[in-house]
Amino acid sequence: MFRINLLDSHALVLTPRWTEFAGPLQAGLMLLVCLLPLALIFWLYSYELKLVAGRTALGLLCLRVVTVALILFLVCLEPIYAHTSTREIPGRVLVTVDRSDSTSIADPQREPIDKLRLARALRLGNDLCSEAQLVDWIQQYASGGKLQWVKAEEFPDPTKREEATRDRKRIHDEVCKRVDGLTRSEVVQRLLAPEGGDLLARLTAKHECTLLGFARGTRNVTPEQWRDLFAPVQVPEDKSQKEEKTDLLTTSTD
């Protein structure tokens, strides 16, 4: 099968006959089918030269050649005029948010590299340092070495070098402290929020999104109402029902 691209998304698709045979045999059959009619046409032309004027015979020859060539083209190559159209169908994404009491807990036990990665994703340190600085610290942690706060070529003056080292270490610790202060719920909020990871906006730009909060029960909200998932839950009078737990066995999407 051969494809000849035309204008825009149009194309001419050619499907040669006898593709079930080997290449040389297929080519031989095609050549035989094409040459035999042409040979007969030229033989007829040489005979007509004896009966009619040369110009008339030549005109008949051209007409027959064009007609036979068109028939051979249609029969041997089976051309198909193709038009390709593309349509984007948005996918559907279900974003589930755990709203049980365990999400009110912070996780300060994270490794420093994980804290910096989270700070970069949530844009927690934009007012303290550049993203390039965060990336540099993350790469240094990933390489397994000790952090090099200042490169040797940056500050030849020892005094300025020492000041830069103190400043960057302070900024590093402040970024990590901000991450330590976030609860699990706040991390999710920051991930979805425009001022943070902006995940929800990026998802809704290409997909249809549904948000589902779950704990003892479930709650569906639209992407525009996503902040409602994090609203304080009204405490029931029955103390036995006060604590919100994640029960995956009884959770349903009804």
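Here the structure is a predicted model, which is why all the values come from computation and not from measurement.
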Q. Can you check whether Phe230 reaches Arg99 side chain to side chain, under 4.5 Å on heavy atoms?
A. yes

**Q.** Contact check, side chains of His207 and Arg92, non-hydrogen atoms, under 4.5 Å
**A.** no

Q) Any side-chain heavy atom of Leu122 sitting closer than 4.5 Å to one from Leu191? A) yes

Q) How many angstroms lie between CH2 in Trp137 and CG in Leu134, if you round to the nearest 0.5 Å? A) 6.5 Å

Q) Between Leu128 and Leu182, is there a shared hydrophobic cluster once you connect ILVMFWY residues whose side-chain heavy atoms come closer than 4.5 Å? A) no

Q. Taking the side chain as C-beta and beyond, is there a heavy-atom pair between Tyr45 and Arg64 under 4.5 Å?
A. no

Q) Can you name the closest pair of heavy atoms from Glu131 and Arg120 and give their distance? A) OE2-NE, 2.9 Å

Q. Residues in side-chain contact (heavy atoms from CB on, under 4.5 Å) with Val33, at least two apart?
A. Trp18, Leu72, Cys76

Q) Do any pairs count as a salt bridge (charged side-chain N to carboxylate O under 4.0 Å, His left out) and have a residue in residues 25-34, sequence neighbours left out, and if so which ones? A) none

Q. Roughly how far, to the nearest 0.5 Å, is CD1 of Ile41 from OG of Ser46?
A. 12.0 Å

Q. Are Val52 and Phe42 joined in one hydrophobic group, where the rule is that I, L, V, M, F, W and Y side chains link up if heavy atoms are under 4.5 Å apart?
A. no

(Q) Are Tyr141 and Val135 connected into the same hydrophobic cluster when the rule is that any two of I, L, V, M, F, W, Y join if their side-chain heavy atoms are below 4.5 Å apart? (A) no

Q) When rounded to the nearest 0.5 angstrom, what distance separates CZ in Arg190 from CG in Leu124? A) 5.0 Å

(Q) Do Thr159 and Glu162 pair up side chain to side chain, a donor and an acceptor below 3.5 Å, judged on atom types alone? (A) no

Q: Let me see the working for Asp228 and Gln225 under side chain to side chain contact (heavy atoms under 4.5 Å, CB included), right down to the final yes or no.
A: CA-CA 6 Å; Asp228 294 346; Gln225 300 171 321; 3.6 Å; yes

Q. Where is the tightest heavy-atom contact between Leu211 and Pro223, given as atom of each residue plus distance?
A. CD1-CA, 3.9 Å

Q | From CD (Glu224) to CG (Leu200), nearest 0.5 Å | A | 8.5 Å

Q) Is a salt bridge present between Glu174 and Arg178, judged by a nitrogen-to-oxygen distance below 4.0 Å? A) yes

**Q.** Check: Arg202 side chain, Gly197 main-chain N or O, donor-acceptor pair, under 3.5 Å
**A.** yes

**Q.** N/O donor-acceptor pair under 3.5 Å between Thr165 side chain and Arg161 backbone
**A.** yes

Q: Mind checking side-chain contact (heavy atoms from CB on, under 4.5 Å) for Arg3 and listing every partner two or more places apart, or none if nothing turns up?
A: Asn5, Ala11, Val13, Thr84

Q: Indicate yes or no: at least one non-hydrogen side-chain atom of Leu94 is less than 4.5 angstrom from one of Leu212.
A: yes

Q: Taking the side chain as every heavy atom from C-beta outward, state whether Pro16 and Gln26 have any pair of such atoms under 4.5 Å apart.
A: yes

Q | Within 6.0 Å of CD in Gln109, more than 12 heavy atoms from elsewhere | A | yes

Q: Hey, can you tell me if Tyr81 and His10 have their rings parallel, tilted or perpendicular (30° and 60° cut-offs)?
A: parallel

Q. Looking only at heavy atoms, what is the nearest atom pair of Asp180 and Pro108, with distance?
A. OD1-CA, 3.5 Å

Q: Report yes if some heavy atom in the side chain of Lys115 is under 4.5 Å from a heavy atom in the side chain of Val175; otherwise report no.
A: no

(Q) Looking at every heavy atom in both Leu118 and Arg110, which two are closest together, and how far apart are they? (A) CD2-CZ, 3.8 Å

Q.
Quick check: closest heavy atoms across Arg227 and Pro194, and the distance to 0.1 Å?
A. NH2-CD, 4.0 Å

Q | Check: Arg219 side chain, Gly213 main-chain N or O, donor-acceptor pair, under 3.5 Å | A | no

Q. Are Leu60 and Val65 connected in the hydrophobic side-chain network, where two residues link if heavy atoms are under 4.5 Å apart?
A. no

**Q.** Flag, side chain of Asp98 to backbone of Ser100, donor-acceptor distance under 3.5 Å
**A.** yes

Q: Give a yes or no answer on whether the side chain of Glu186 reaches the backbone of Thr183 with a donor-acceptor pair at less than 3.5 Å.
A: yes

Q: Under the side chain to side chain contact (heavy atoms under 4.5 Å, CB included) rule, what do Ile80 and Leu12 come out as? Steps first, then yes or no, please.
A: CA-CA 6 Å; Ile80 299 174; Leu12 188 65; over 6 Å; no

Q.
Does Thr15 form a side chain to side chain contact (heavy atoms under 4.5 Å, CB included) with Leu77? I'd like the steps, not just the answer.
A. CA-CA 5 Å; Thr15 309; Leu77 298 180; over 6 Å; no

Q.
Under 4.0 Å between a side-chain nitrogen and a carboxylate oxygen: does that hold for Lys177 and Asp173?
A. no

Q. Rounded to the nearest 0.5 Å, what separation is found between the NE2 atom of His83 and the CG atom of Leu6?
A. 12.0 Å

**Q.** Interatomic spacing from CD1 in Ile113 to OG in Ser143 - rounded to 0.5 Å
**A.** 8.5 Å

**Q.** side chain to side chain contact (heavy atoms under 4.5 Å, CB included) assessment of Leu192 paired with Val188
**A.** CA-CA 6 Å; Leu192 297 176; Val188 176; 4.2 Å; yes

**Q.** ILVMFWY cluster, Leu35 and Leu25 together (side-chain gap under 4.5 Å)
**A.** no

(Q) Quick one, Val93 and Glu208 - any side-chain contact, counting heavy atoms below 4.5 Å? (A) no

Q: Heavy atoms only: give me the nearest Gly54-Leu49 pair and the separation to one decimal.
A: CA-CD2, 4.0 Å

